[in-house]
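A short worksheet on the structure shown next.
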Amino acid sequence: MRRIARLPKLPGLSIPPGTNHLGSEVPKPLVIVESPAKARTISKFLGSGFHVEASIGHVRDLPASADDIPKSHRGKPWARTAVDVQNDFKPLYVLTQRGREQIKKLKTMLRDASVLYLATDEDREGEAIAWHLTEALKPKVPIQRLVFHEITKSAITRSLQSARPIDMNLVEAQEARRIVDRLFGYNVSPVLWKKVKPRLSAGRVQSVAVRLVVERERERMRFVSSGWWDLTAGFKAAEAFAGTLVEVDGTRLATGRDFEPTTGKLKTAKAIVLDEAGAEALATALRGGTAKVLRVQRRPFREKPAAPFTTSKLQQEANRKFRWAAKRTMSVAQRLYENGWITYMRTDSTTLSPEALNAARTLIKSAYGAAFLPAKPRVYATKSKGAQEAHEAIRPAGESFKSVDDCARALGADEARLYGLIWNRTVASQMTDATGERVSVDTEANRQGRTGLFRTRGKTYDFQGFRAVYVRERNVRDEENELPKLADGQVVSVESVHTKGHTTSPPSRLNEASLVQRLEELGIGRPSTYASIIETIQSRGYVFKKGTALIPTFTAFATTRLLEDHFNSLVDYDFTATLESGLDQIAAGTGQRLALLHAFYGGQGDRTGLLQLIAAAEKSADPRDICSIPIGTHDDGAVVARVGRYGPYLEHAGTTRSLPEDMPPDELTLAKAIEIIETVPDGPTALGQDPDNGDEITLHIGRFGPYVQRGEAVGKVKPKRESLLPGMEPDAVGLAMALQLLALPREVGKDADGNVIQAFNGRYGPYIKCNGESRSIPAEKGLLTLTEAEALALLATKPRRSRTPTVLKELGVENDKKIQVKSGRWGPYVTDGETNATLKKGTDPETLTLEEASTLLAAKRAKGPAKKRTRRKSTTKKKTTRRSTKSS
DNA sequence: CAGTGAGCGAGCTTCCGCTTGACTT
């Protein structure tokens with residue numbers, strides 16, 4: 001059943017109103033689009049009879065964090081996910097920060113509007129934005145939905161004739177998508193916090209992206225390299241040409257593809273491998289004789305131009321040709337779009353509007369000639385899964401394409417470069433095929449009982465076609481290679497034979513471009529999100545870049561393991577595709593949102609729901625096991641890489657060694673791991689001898705950072721040790737400084753009663769102590785230079801924190817309890833002596849009323865008593881004793 | 001992979017997809 005929102009009918013408004021005959025303002029239609037740049041363009045087409053304004057994306061969403069949850073819902077069990085799973089998965093929406101500002105503005109404009117046109121994009125998200133706008137604006141004027149797939153005057157004029165109501169089926173599909181993503185992300189992430197590390201994240205898109213990067217690394221780790229040799233021969237007929245050995249004594253010669261990547265062994269019995277000696281023997285046998293051309297094959301070929309740019313293809317090409325990161329490409333494209341040089345840059349469509357086709361064809365004919373213009377415009381089918389095609393392909397804007405030189409003058413070098421790429425790709429996509437001929441020549445050398453078959457490939461173009469404008473980089477390798485004229489049976493001389501060694505290489509790492517390409521092929525992620533997916537997986541510590549290569553961390557290995565073992569159906573490469581087909585049914589009115597959500601969350605038939613998966617993982621996933629990446633066995637003991645609280649480390653038979661954070665996992669071979677295990681950590685650096693007694697002064701790097709030491713431990717008696725002061729670089733510490741440090745505590749002076757004031761370098765930094773009282777030394781004073789006067793001044797100040805937090809304000813008494821605002825470790829909070837409640841961010845403690853305070857306390861009491869800490873004691877202890885060892 | 005001084009309410013983290021922010025030079 002198709003469900004369409006019931007909306008008031010549009011009154012007869014065929015002529016856009018402007019001013020009446022008296023010249024006074026009369027209401028105008030208000031048109032809302034998604035982006036300000038689009039609003040400016042459309043405004044030009046529609047003229048002064050319309051107001052055009054942007055929503056600037058979504059205006060409402062599920063609250064992202066605790067601060068965004070409205071007071072009315074705090075404390076509810078589903079407040080954190082903001083999806084009431086018990087009550088038909090009802091979502092809780094709040095205005096976003098920008099949404100609040102924009103809605104305020106739009107409400108004001110709406111007061112003088114005759115009709116509201118919602119002209120957001122025609123896809124799930126655009127329909128949802130339109131619906132959210134009506135929910136937030138609650139307009140009293142008629143509402144109509146306008147859609148156009150291209151920003152041209154004719155398309156917009158046409159859309160006014162075919163306005164329609166909001167399609168609630170599309171909105172429901174969007175909500176289902178949103179809710180699935182929220183339930184997945186906000187329920188699976190906490191499992192990672194418990195089993196791997198806090199602040200990690202999991203999601204429908206990012207977890208697959210991480211998995212793809214991890215998978216590739218695993219392939220590299222499993223890879224076993226192999227080697228083979230071949231020959232190249234130089235022949236001469238009327239002209240010289242070269243050939244590569246393909247057969248030896250009638251048997252095909254093995255090449256890289258013939259080796260099993262995980263074993264390095266030959267996959268087929270039908271090919272033979274030449275080693276160096278074998279290659280050398282064959283070369284010796286064949287050298288100096290003649291060879292016969294067995295056959296010359298000529299095959300004509302055609303090459304078609306590539307489709308116009310989608311977002312992902314633009315990112316891929318800019319990455320290949322300019323080595324730009326996705327983020328850079330998108331920000332340059334944004335500037336081109338905002339300044340009217342290109343059409344919208346976040347699209348999955350390869351379609352060109354009639355306007356664009358006309359522009360391209362006119363240009364091709366005049367600039368390149370009729371031979372480069374096909375009889376009919378080329379049409380490209382969009383191949384990517386789940387494409388929503390709300391926009392055109394990315395192309396130069398307008399009815400005729402402006403030149404790259406003009407772009408360079410108007411904007412910058414980057415903009416002109418990217419514009420040139422888009423210009424070329426768009427124009428080339430509407431040009432004729434390139435045609436040419438491929439030639440393959442087989443030449444057989446036969447001497448001293450040995451036979452070698454050599455192959456030579458040639459390629460020539462007889463018409464360049466689209467290649468005159470745009471060549472994909474991978475075609476650069478297929479450069480033209482013209483061969484001499486040769487005939488079957490012709491005898492040629494063998495001028496030279498060389499041997500050449502090869503080794504197979506592991507599959508190359510993914511980079512931004514190839515990861516985006518894989519995601520797009522799988523239908524995962526949207527054009528507007530490709531760049532941010534890459535940002536996310538890096539900022540969560542799953543992936544880091546080395547050059548352009550994406551390398552997974554050990555954390556990524558642990559997380560992926562956990563997800564594969566316990567949430568396999570969710571990180572399956574087909575999960576999104578299956579979800580999308582369910583969403584399509586909802587959008588078409590043949591599927592139910594509620595049924596989809598129930599199946600996903602609670603399970604259905606033999607499909608386990610999210611809820612059960614979570615429960616099972618909480619119970620059975622063993623954190624130690626999950627965080628272990630087996631490397632191999634050494635001396636009958638397992639060598640394991642582990643993800644630890646303070647970073648990755650290696651363990652073998654009770655010995656641990658930390659691993660560098662940026663160590664590529666595939667470089668951690670068993671041999672390398674054993675080497676690390678067996679390397680005793682860097683010993684101390686000798687700084688010199690104590691002039692008083694000749695003791696060795698040494699610099700060490702310890703668990704809490706760098707420190708200096710005098711002498712060696714004698715039995716159980718430990719030598720004198722002292723930490724470097726905050727901000728001191730270990731490299732900059734010489735003998736003199738070490739001696740000064742080892743002389744601590746330093747006597748600064750005496751107080752009025754004659755008590756000694758001493759300066760120490762302590763756990764929390766430098767401090768002074770006098771008569772049982774201590775004060776921290778401010779960073780700008782310096783432990784070694786502090787004067788007696790300064791020390792006395794410090795002692796005169798109040799201790800920085802007393803046992804009880806400072807009372808900021810007395811609010812009064814309620815139920816015999818004093819209500820106070822205190823300053824605590826996490827900011828100001830109110831307390832009645834029993835219950836404490838932190839003030840919301842941005843609340844001024846000075847202006848807080850008793851009433852507000854008691855509401856806060858009541859809300860807090862409603863949540864029940866604070867949970868007992870269940871953390872292991874050792875970890876809390878470690879946490880409190882941890883001290884920053886960063887020195888800069 | 002060192003032990004040197006004190007201490008104070010726990011609560012938040014996280015998803016994907018739309019879209020631009022800009023105290024000044």
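Per chain, numbering begins at 1; letters A, B, ... match sequence-line order.
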Over how many whole Å does the gap from [X] atom [atom1] to [N] atom [atom2] extend?
X        : N      : atom1 : atom2 : result
A:Leu62  : B:dC16 : CG    : P     : 13 Å
A:Ile537 : B:dC16 : CD1   : P     : 11 Å
A:Leu562 : B:dT14 : CG    : C1'   : 15 Å
A:Tyr542 : B:dT13 : OH    : C1'   : 12 Å
A:Lys194 : B:dT13 : NZ    : P     : 16 Å
A:Glu175 : B:dC16 : CD    : P     : 19 Å
A:Ile69  : B:dC15 : CD1   : C1'   : 14 Å
A:Arg199 : B:dG11 : CZ    : C1'   : 11 Å

Heavy atoms under 4.0 Å, any strand shown: does [X] hit a base, just sugar-phosphate, or nothing?
X        : answer
A:Asp61  : base
A:Ala64  : base
A:Gly57  : base
A:Gly126 : nothing
A:Leu183 : nothing
A:Ser532 : nothing

Would you mind listing every salt bridge (Lys or Arg N to Asp or Glu O under 4.0 Å) that reaches into residues 184-203 of chain A, with sequence neighbours excluded?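 Residue pairs with at least one partner in residues 184-203 of chain A: A:Lys194-A:Glu618.
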Treat a base pair as Watson-Crick or G-U wobble with both distances under 3.5 Å, then lay out DNA chain B in dot-bracket form, 5' to 3', with | for cross-strand pairs. .........................
Considering heavy-atom distances to DNA chain B, does A:Arg182 or A:Val830 have its closest nucleotide positioned more toward the 5' end?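 Whichever sits nearer the 5' end wins; that is A:Val830.
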Residue closer to the 5' end of DNA chain B, A:Ile768 versus A:His58 (nearest nucleotide):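 The residue closer to the strand's 5' end, by nearest nucleotide, is A:Ile768.
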Measure across A:Ile179 and A:Pro91 and return the closest heavy-atom pair with its distance rounded to 0.1 Å. CD1-CG, 4.1 Å
Nearest heavy atoms of A:Ala738 and A:Val733, plus distance in Å: N-CG1, 4.2 Å
So which protein N/O to nucleotides 20-23 of chain B N/O distances come out below 3.5 Å?
unit_1, atom_1, unit_2, atom_2, d
B:dT20, OP1, A:Ser35, OG, 3.2
B:dT20, OP2, A:Gln334, NE2, 3.0
B:dT20, OP2, A:Arg346, NH2, 2.9
B:dT20, O2, A:Arg98, NH1, 2.4
B:dT20, O2, A:Arg98, NH2, 2.1
B:dT20, N3, A:Arg98, NH2, 3.0

Is the NZ or CZ atom of A:Arg60 both under 6.0 Å from the centre of the six-membered ring of A:Trp131 and within 45° of that ring's axis?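 A:Arg60 over A:Trp131 ring: yes.
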Assign B:dG17 to syn or anti; the rule is syn for a glycosidic angle within 90° of 0 and anti otherwise.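 This nucleotide is in anti.
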Examine [N]: is either OP1 or OP2 under 4.0 Å from a nitrogen or oxygen in the side chain of [X]? Give yes or no.
X        : N      : value
A:Arg540 : B:dC15 : yes
A:Arg204 : B:dG17 : yes
A:Ser65  : B:dT13 : yes
A:Thr529 : B:dG17 : yes
A:Gln709 : B:dA2  : no

[X] side-chain proximity, nearest of [options]:
X        : options                : answer
A:Ser658 : B:dC18, B:dT14, B:dC1  : B:dC1
A:Trp193 : B:dG17, B:dT19, B:dT14 : B:dT14
A:Arg721 : B:dC1, B:dT19, B:dA2   : B:dA2
A:Tyr767 : B:dC16, B:dT4, B:dT14  : B:dT4

Partners passing side chain to side chain contact (heavy atoms under 4.5 Å, CB included) against [X] (at least two apart in sequence or in another chain):
X        : result
A:Tyr767 : A:Phe760, A:Lys769, A:Ser774
A:Arg710 : A:Asp690, A:Asp695, A:Ile697, A:Lys720, A:Leu742
A:His149 : A:Glu122

Test for a donor-acceptor pair under 3.5 Å between the base of B:dC15 and the side chain of A:Arg178, counting only N and O atoms. yes
Does any donor-acceptor pair link the side chain of A:Arg177 with the base of B:dC16 at a separation under 3.5 Å?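 Side chain to base: pair present.
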Just say parallel, tilted or perpendicular for the rings of A:His132 and A:Tyr93, cut-offs at 30° and 60°.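 Rings of A:His132 and A:Tyr93: perpendicular, as their planes differ by over 60°.
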For A:Tyr344, check ring-ring contact (aromatic ring centres under 6.0 Å, His included) against everything at least two apart and list the hits.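 For A:Tyr344 the ring-ring contact (aromatic ring centres under 6.0 Å, His included) partners, ignoring immediate neighbours, are A:Tyr337, A:His391.
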Just jot down the ring-ring contact (aromatic ring centres under 6.0 Å, His included) partners of A:His566, sequence neighbours excluded, or say none. none
Residues that A:Asp181 engages under salt bridge (Lys or Arg N to Asp or Glu O under 4.0 Å), provided they are two or more places apart: A:Arg177, A:Arg204
Is it the case that the side chains of A:Glu53 and A:Gln102 hold a donor-acceptor pair, with the cut-off being a distance below 3.5 Å and no angle test?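 Side chains of A:Gln102 and A:Glu53: pair found under 3.5 Å.
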Under 5.5 Å centre to centre and under 30° between planes: does that hold for A:Tyr186 and the six-membered base ring of B:dC15?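 It does not: the two rings, one from A:Tyr186 and one from B:dC15, miss the stacking criterion.
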